[in-house]
Q: 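Just passing along the structure, written as structure tokens.
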Amino acid sequence: MLIPREIIDDIRARNDIVDVIGMYVNLKRAGSNYNGLCPYHSEKTPSFTVFPGTQSFYCFGCGAGGDVITFTMKSENLDYVGAIEFLAKKSGISIPQSAAEQQGGMSRNRVFQMNLEAAKYFRSCLFDEKLGSDGLRYLVEQRRLPMTIIKRFGLGFAPDSFWSLTNHMTRLGFTEDELIAGFLGGKSKKSGKIYDYFRNRVIFPIIDTSGNVIAFGGRVMDDSKPKYLNSSDTPGFKKSKNLFALNYAKNHCSERLILCEGYMDVIALHAAGIENAVATLGTALTQEQARMMAKYTKQVIISYDSDEAGQRAAARAISMLSDVGLDVKILKMKEAKDPDEYIKKFGVENFKRLIGESRTGFEYKIENVIAKYDITLSENKIKAAGELCDYISGVSSSVERDVYTSSVASRLSLSFDSLKNDVERLRRKKLNEYKAKTFNNMKMSAMGIGDRTNPDAAKNIRAAAAEEAIIGLLLIFDEYRDAIMNEKISLSSDDFLSDFHRRVFEKIMQLHADDGGFSFSLLGEYFVPDEMGRIQGIEQKRRALTQNGYDVLYQCVQSLKNEKNSTDSDDGISEIERLLENKRKKMQNQ
């Protein structure tokens with residue numbers, strides 16, 4: 001085991017799962033458990049459950065599940081060792097030597113140490129008259145940033161050299177492989193020599209909410225492409241799960257966040273005293289970033305560039321942010337393409353006034369649609385009405401649908417009743433399509449088709465069902481593991497037909513044989529979070545059943561052995577289809 005068992009047990013004991021998850025999810029007590037909206041998929045009805053008794057969680061909607069370590073892995077984008085280190089630091093537990101260091105790999109902490117030294121170097125270059133004059137001139141004269149803001153954001157400069165940073169970092173003891181893994185250096189295909197990844201660029205350090213320098217962005221000083229260069233994903237950074245300046249904005253955004261497109265827009269707003277601004281990191285908004293914002297605020301104001309690309313991105317972001325329960329508004333700027341330019345032209349007070357005049361997502365939609373069509377023409381009015389009715393049909397609240405329908409009727413001079421009928425017709429159509437899709441997914445799932453975690457399940461459904469039952473029982477009952485260990489029940493990994501279930505069985509029995517005995521958390525060292533979710537789902541399904549006696553285990557083992565030797569081609573599909581047909585009829589009657 002890479003980290004001593006007693007340390008992992010201590011970390012779990014000091015990090016109660018309800019307390020940890022409660023920092024990310026608004027949990028409400030439901031009997032002896034807690035429910036909340038899942039942080040890993042969009043939902044309006046809570047399907048995410050935390051079980052204090054077993055210190056585990058499971059989402060009955062998307063299948064995410066595990067313990068406090070698995071949750072930390074998924075929520076903080078960490079590997080198993082990184083999650084343990086994260087929780088250890090949080091609870092004041094010291095880990096003598098990280099697993100990654102023991103194996104000679106690169107730990108997350110090592111990435112942070114390296115980035116911090118790189119940030120210090122870039123900063124020193126910016127204030128070096130010989131090396132950084134172009135960068136400082138750009139920030140102070142062209143962008144008009146005060147020195148306090150330049151220093152607060154730790155801005156720096158990468159000299160126009162192929163080896164400036166890499167030479168400095170190797171002198172500090174960082175290896176070429178580490179610099180490449182951390183995206184500070186690249187390797188030349190021609191010469192095989194390492195070179196600086198960032199050259200002749202103003203540097204924007206990206207800092208997480210814990211104060212770690214996790215990555216960098218760089219803006220070029222000449223006409224080179226790309227204009228902005230960003231770190232790729234590293235052992236300490238994933239761009240889809242981080243936001244620029246959230247480390248500062250999180251202290252000023254309980255009511256709202258302002259979402260910008262780029263680093264300079266955010267920095268300009270912070271310089272103007274508007275400290276609740278963040279930006280994505282060179283990519284379109286992701287679901288992970290939307291859920292991250294939902295942890296900190298109630299409302300997001302989208303302040304994207306006024307060009308066509310910016311407006312397309314805003315339309316996409318509205319849907320994504322709304323899906324995670326955020327109130328979304330759009331900032332409309334005239335005579336300026338972005339917040340930085342607007343503030344320079346018209347001042348910060350006028351920009352604050354614009355914030356107060358932000359439009360709702362629906363207002364943004366209706367204005368865009370009406371601007372797109374010449375509604376004096378009947379055929380265009382019909383097209384505009386159709387597009388808006390389709391939008392309204394996706395709104396869950398009947399009150400909101402009526403308000404939006406009334407607004408469209410007024411703007412297009414159409415009958416409210418006619419539009420409402422169209423909205424409800426489209427809504428019924430979408431509901432039927434959803435039910436059909438759900439039923440098809442249930443059928444595919446039951447037959448193991450499209451199952452990425454356990455693709456072998458589709459090859460023998462009955463065997464997979466028996467294996468799942470066996471694993472569920474072994475996860476819950478020590479005595480059943482003993483029965484197999486002591487050969488009271490004859491079962492080995494060779495009896496399993498699916499590779500995933502075989503691996504789970506092997507690790508359960510291996511851990512059971514160790515001195516400390518079996519612990520669910522220790523599985524996280526061998527299985528990725530999606531697999532841990534599947535394992536947790538197997539356990540929850542088993543716990544929900546009343547018949548979990550020794551005879552059930554014995555029958556499942558015999559069934560599995562029979563399937564291994566069977567030549568029956570039906571494979572239980574007929575029975576599955578019969579059960580699914582019953583479910584389909586129930587869904588139709590809802």
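Below, all heavy atoms of this structure are taken into account, side chains as well, without hydrogens, waters or symmetry copies. Predicted model only: the values in this text are computed from it and were never measured.
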Q: Give a yes or no on whether the backbone of Gly61 and the side-chain of His41 come within a donor-acceptor separation of less than 3.5 Å.
A: no

Q: Would you name the heavy atoms of Met333 and Asp338 that are closest together and state the gap between them?
A: SD-C, 3.7 Å

Q: If you apply the rule side-chain contact (heavy atoms from CB on, under 4.5 Å), what do you find for Val300 with Arg256, and how did you get there?
A: CA-CA 5 Å; Val300 173; Arg256 66 167 63 128; over 6 Å; no

Q: Pairing donors with acceptors under 3.5 angstrom, does anything connect the side chains of Tyr40 and Ser75?
A: yes

Q: Counting distance only, does the side-chain N/O of Asn421 pair as donor-acceptor with the main-chain N or O of Asp417 below 3.5 Å?
A: yes

Q: Between Glu341 and Lys345 (salt bridge meaning N to carboxylate O under 4.0 Å), is one present in this structure?
A: yes

Q: Anything under 30° is parallel, anything over 60° is perpendicular, the rest tilted; go ahead and classify Tyr58 against Phe60.
A: perpendicular

Q: Ignoring hydrogens and geometry beyond distance, is a side-chain donor-acceptor pair present between Thr405 and Asp402 at under 3.5 Å?
A: no

Q: Checking the side chain of Ser406 only, and the main-chain atoms of Val403 only, is there a donor and an acceptor separated by less than 3.5 Å?
A: no

Q: Quick one: do Lys381 and Asp374 make a salt bridge, cutoff under 4.0 Å?
A: no

Q: I need the Ser410 OG to Leu419 CG distance, nearest 0.5 Å.
A: 11.0 Å

Q: Checking side-chain contact (heavy atoms from CB on, under 4.5 Å) for the pair Tyr138/Asp134: CA distance, chi angles, key distance, verdict?
A: CA-CA 6 Å; Tyr138 169 78; Asp134 287 346; over 6 Å; no

Q: Kindly determine whether Phe216 and Asn115 satisfy side-chain contact (heavy atoms from CB on, under 4.5 Å), including the steps that lead there.
A: CA-CA 8 Å; Phe216 298 95; Asn115 285 342; 3.6 Å; yes

Q: What about the rings of Tyr197 and Phe183, do their centers lie closer together than 6.0 Å?
A: yes

Q: Answer whether the closest heavy-atom distance between the side chains of Gln287 and Arg291 falls below 4.5 Å.
A: yes

Q: Minimum heavy-atom separation for Phe500 and Asn454, please, with both atom names.
A: CB-OD1, 3.6 Å

Q: Show your working on side-chain hydrogen bond (donor to acceptor under 3.5 Å, both in side chains) between Glu76 and Tyr24 and close with a plain yes or no.
A: CA-CA 11 Å; Glu76 297 292 338; Tyr24 298 79; 2.5 Å; yes

Q: How long is the straight-line distance from OH of Tyr404 back to OG of Ser393, given to the nearest 0.5 Å?
A: 13.0 Å

Q: Nearest 0.5 Å, what's the CD1-CG distance between Ile267 and Leu155?
A: 4.5 Å

Q: Parallel, tilted or perpendicular: which describes the rings of Phe244 and Tyr263, with under 30° parallel and over 60° perpendicular?
A: perpendicular

Q: Taking all non-hydrogen atoms of both residues into account, name the closest pair between Phe57 and Asp67 and its distance.
A: CE2-O, 3.4 Å

Q: Could you please spell out the steps behind the side-chain contact (heavy atoms from CB on, under 4.5 Å) verdict for Val220 and Leu229?
A: CA-CA 8 Å; Val220 75; Leu229 190 63; over 6 Å; no

Q: Show your reasoning for whether side-chain hydrogen bond (donor to acceptor under 3.5 Å, both in side chains) applies to Tyr34 and Arg29.
A: CA-CA 4 Å; Tyr34 291 83; Arg29 183 176 281 280; 2.6 Å; yes

Q: What pair of heavy atoms forms the shortest contact from Cys260 to Val266, and how long is it?
A: CB-CG2, 3.9 Å

Q: Between Glu424 and Arg428, is the closest basic N to carboxylate O distance under 4.0 Å?
A: no

Q: So which pairs with a foot in residues 237-252 pass side-chain hydrogen bond (donor to acceptor under 3.5 Å, both in side chains), sequence neighbours left out?
A: none

Q: Given Lys332, which of Glu363, Glu367, Glu357 fulfils the salt bridge (Lys or Arg N to Asp or Glu O under 4.0 Å) condition?
A: Glu367

Q: With side chains defined as the heavy atoms from C-beta onward, is the minimum distance between Met292 and Leu243 less than 4.5 Å?
A: yes

Q: Identify the two heavy atoms, one from Ile375 and one from Ala384, that lie closest to each other, and give their separation to 0.1 Å.
A: CG2-CB, 4.2 Å

Q: Quick one: does any side-chain atom of Arg427 pair with a main-chain N or O of Ile392 as donor and acceptor, under 3.5 Å?
A: no

Q: Does a side-chain heavy-atom distance below 4.5 Å link Leu285 with Met293?
A: yes

Q: For a 4.5 angstrom cut-off between non-hydrogen side-chain atoms, does Leu139 reach Phe157?
A: no

Q: May I ask you to test the Asn35-Phe48 pair for a side-chain heavy-atom distance under 4.5 Å?
A: no

Q: With a 4.5 Å cut-off on side-chain heavy atoms, are Gln536 and Gln540 touching?
A: yes

Q: Verify, without hydrogens or angle tests, whether Arg534 (side chain) and Gly63 (backbone) share a donor-acceptor contact under 3.5 angstrom.
A: no

Q: Determine whether more than 12 heavy atoms belonging to other residues, nucleotides or ligands lie under 6.0 Å from atom NZ of Lys295.
A: yes

Q: Check step by step if side-chain hydrogen bond (donor to acceptor under 3.5 Å, both in side chains) holds for Ser210 and Asn212.
A: CA-CA 6 Å; Ser210 298; Asn212 301 302; 4.5 Å; no

Q: So does Lys383 pair up with Glu379, basic N to acidic O under 4.0 Å?
A: no

Q: Is the NZ atom of Lys430 crowded by more than 12 outside heavy atoms at less than 6.0 Å?
A: yes

Q: What I want to find out is whether Glu387 reaches Lys372 closely enough, with some N-O distance under 4.0 Å, to be called a salt bridge.
A: yes

Q: List the atom of Asn276, the atom of Cys253, and the distance in Å for their closest heavy-atom pair.
A: CB-CB, 4.2 Å

Q: Has Ser322 got a side-chain atom pairing as donor or acceptor with Ile318's backbone, closer than 3.5 angstrom?
A: yes

Q: Indicate yes or no for a side-chain donor-acceptor contact from Arg219 to the backbone of Val202 under 3.5 Å, with no hydrogens or angles considered.
A: no

Q: Please test Lys344 against Asp340 for salt bridge (Lys or Arg N to Asp or Glu O under 4.0 Å), starting from the C-alpha separation and ending with a verdict.
A: CA-CA 6 Å; Lys344 285 182 172 62; Asp340 185 27; 2.5 Å; yes

